[in-house]
Amino acid sequence: MKKLAFLVSVFSKILTCVALATAFFATLWNSSDTIDAMVLWQMPLVSFLCSVTVFIYPWDKNMTKAEIVGRTIIHYLLINVIVLGAGYLFDWYDVKSIWNVLAMMLAIALIFGIVSATSWKKAEKEAVQMNEKLKKQFK
């Protein structure tokens, strides 16, 4: 149940950031004031696929610093493959334009950073709370 709650939390953070990025890029590159309705199912799909990748981190074991760094790099690369691949399939950006590709990669980096930072901060806060409860229980 805790894994499902975590997945929903990460999904909602990703989808929120993706919606904001989509609105930003639509106003930047789109000549009209509208966004294609197809994006309304594409964004949640891609956000879900990105959310599932958080399970690259094990739940029941402590990792060394090297493992954390390695898995974070792999996680980030998976996110890039998913988003850039979906963006290509769904025609979100012009693959032939280096500026479009760079903008997509910048958006991915920003969203990855925001979601990771907020998730790690939340996990750290929960760990502190659990440690305090354990201290009180064993006193």
Name each donor-acceptor pair under 3.5 Å that joins a side chain in residues 98-118 to protein atoms two or more places apart or in another chain, with its distance.
| from | atom 1 | to | atom 2 | distance (Å) |
| --- | --- | --- | --- | --- |
| Asn100 | OD1 | Asp94 | N | 3.1 |
| Ser116 | OG | Phe112 | O | 2.8 |
| Thr118 | OG1 | Ile114 | O | 3.0 |
| Thr118 | OG1 | Val115 | O | 3.1 |

Counting only pairs under 3.5 Å, give me each side-chain donor-acceptor contact of residues 74-88, with atom names and distances, residues two or more places apart or in other chains.
| from | atom 1 | to | atom 2 | distance (Å) |
| --- | --- | --- | --- | --- |
| His75 | ND1 | Tyr57 | OH | 3.2 |
| His75 | NE2 | Thr53 | OG1 | 2.8 |
| Asn80 | ND2 | Tyr76 | O | 2.9 |

Quick one: side chains of residues 37-46, donor-acceptor pairs under 3.5 Å with protein atoms, not counting sequence neighbours, listed by atom name and distance.
| from | atom 1 | to | atom 2 | distance (Å) |
| --- | --- | --- | --- | --- |
| Trp41 | NE1 | Met38 | O | 3.3 |
| Gln42 | OE1 | Trp92 | NE1 | 2.8 |

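Between atom CG of residue Asn62 and atom CD1 of residue Ile68 there is a gap of 8.5 Å, rounded to the nearest 0.5 Å. Atom SG of Cys50 and atom CZ of Phe11 lie 10.5 Å apart (nearest 0.5 Å).
Within the structure, the salt bridge (charged side-chain N to carboxylate O under 4.0 Å, His left out) test picks out no pair touching residues 1-16 (sequence neighbours left out). For residues 65-85, the set of pairs meeting the salt bridge (charged side-chain N to carboxylate O under 4.0 Å, His left out) definition, not counting sequence neighbours, comprises Lys61-Glu67.
Listed by chain and number, the residues in a side-chain contact (heavy atoms from CB on, under 4.5 Å) with Lys121 are Glu124 (sequence neighbours excluded). Judged as a side-chain contact (heavy atoms from CB on, under 4.5 Å), and not counting sequence neighbours, Ser12 has no contacts.
Counting heavy atoms from C-beta on, the side chains of Phe24 and Leu20 never come closer than 4.5 Å. Residues Phe48 and Ile14 are not in side-chain contact: their nearest non-hydrogen atoms beyond the backbone lie 4.5 Å or more apart.
Cluster membership for Val52 and Val54, using ILVMFWY side-chain heavy atoms within less than 4.5 angstrom, is shared.
Pairing each heavy atom of Ser47 with each of Val18, the nearest pair is OG-CG2, 3.9 Å.
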